[in-house]
Amino acid sequence: VQLQASGGGLVQAGGSLKLSCAASGRTSSTRNTAWFRQAPGKEREFVAAIRWSTGFTYYADSVKGRFTISRDNAKNMVTLQMNSLKPEDTAIYYCAVDNMLRGVGIVPANPQWYDYWGQGTLVTVSS
């Protein structure tokens, strides 16, 4: 599976950006697709995930109510709509694919569970 992330850029606080993650290759085994982010000097952290089969979504508390993850099965694409951006949202954003079927009650937030990663796209939010 190859993942191509795009849509990052520079935006003022309060603004919006939409990230896209296009998947290609053997995508039939995809179970969850997620976005993670990593700010300078910090560990990679979970942002949001979506179950490929049902569309069920999960969000980190820090982005809940501001970010929306969605999928387009026909295009093998996942998007992350980011609204009300804050300077602390500044980071490199990565999309990732998990091929393991996990229980509905389990939040797929562990980066070690993900088998494939995109190259990352930089989001910078100025104050």
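If you're wondering where the values come from, they're calculated on a predicted model, not measured in any experiment.
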*Considering all heavy atoms, the nearest A13-P87 contact*: CB-CD, 4.1 Å

*asked:* Measuring from atom CZ of F46 to atom OH of Y114, what distance do you get when rounded to the nearest 0.5 angstrom?
replied: 6.0 Å

*Could you label the plane-to-plane angle of the W117 and Y94 rings as parallel, tilted or perpendicular, counting under 30° as parallel and over 60° as perpendicular?*
perpendicular

_Interatomic spacing from CG in N32 to OH in Y58 - rounded to 0.5 Å_ = 6.5 Å

*If you look at every heavy atom in R37 and A91, which pair is closest and at what distance?*
CB-CB, 3.8 Å

*More than 12 heavy atoms of other residues, nucleotides or ligands under 6.0 Å from CZ of R26: is that the case?*
no

*Does a salt bridge link K64 with D61, judged by any charged N lying under 4.0 Å from a carboxylate O?*
yes

Do any side-chain atoms of residues 104-111 form donor-acceptor pairs under 3.5 angstrom with protein atoms, and if so which ones, sequence neighbours left out?
unit_1, atom_1, unit_2, atom_2, d
N110, OD1, Q112, N, 2.9

*Does the side-chain contact (heavy atoms from CB on, under 4.5 Å) test come out yes or no for L101 and R51, once each step is laid out?*
CA-CA 9 Å; L101 183 63; R51 279 184 175 263; 4.1 Å; yes

*Atom OG1 in T79, atom CZ in R71: separation rounded to 0.5 Å?*
11.0 Å

_All salt bridge (Lys or Arg N to Asp or Glu O under 4.0 Å) counterparts of E88, not counting sequence neighbours_ = none

_N83 side, atom CG; R66 side, atom CZ - distance, nearest 0.5 Å_ = 9.0 Å

*M82: which other cluster members, linking ILVMFWY side chains closer than 4.5 Å, directly or transitively?*
V11, L17, L19, W35, V47, I50, W52, Y59, V63, F67, I69, V78, L80, L85, Y93, V123, V125

*Approximate separation, where rounding is to 0.5 Å, of D115 CG and M100 CE*: 7.5 Å

*asked:* S20 vs K75, test: side-chain contact (heavy atoms from CB on, under 4.5 Å). Steps then yes/no.
replied: CA-CA 11 Å; S20 296; K75 295 182 179 180; over 6 Å; no

*Could you go through the side-chain contact (heavy atoms from CB on, under 4.5 Å) check for T121 and S6 one step at a time?*
CA-CA 6 Å; T121 185; S6 61; 5.6 Å; no

*asked:* Let me confirm one number: the SG-CD distance from C95 to Q119, rounded to the nearest 0.5 Å.
replied: 7.0 Å

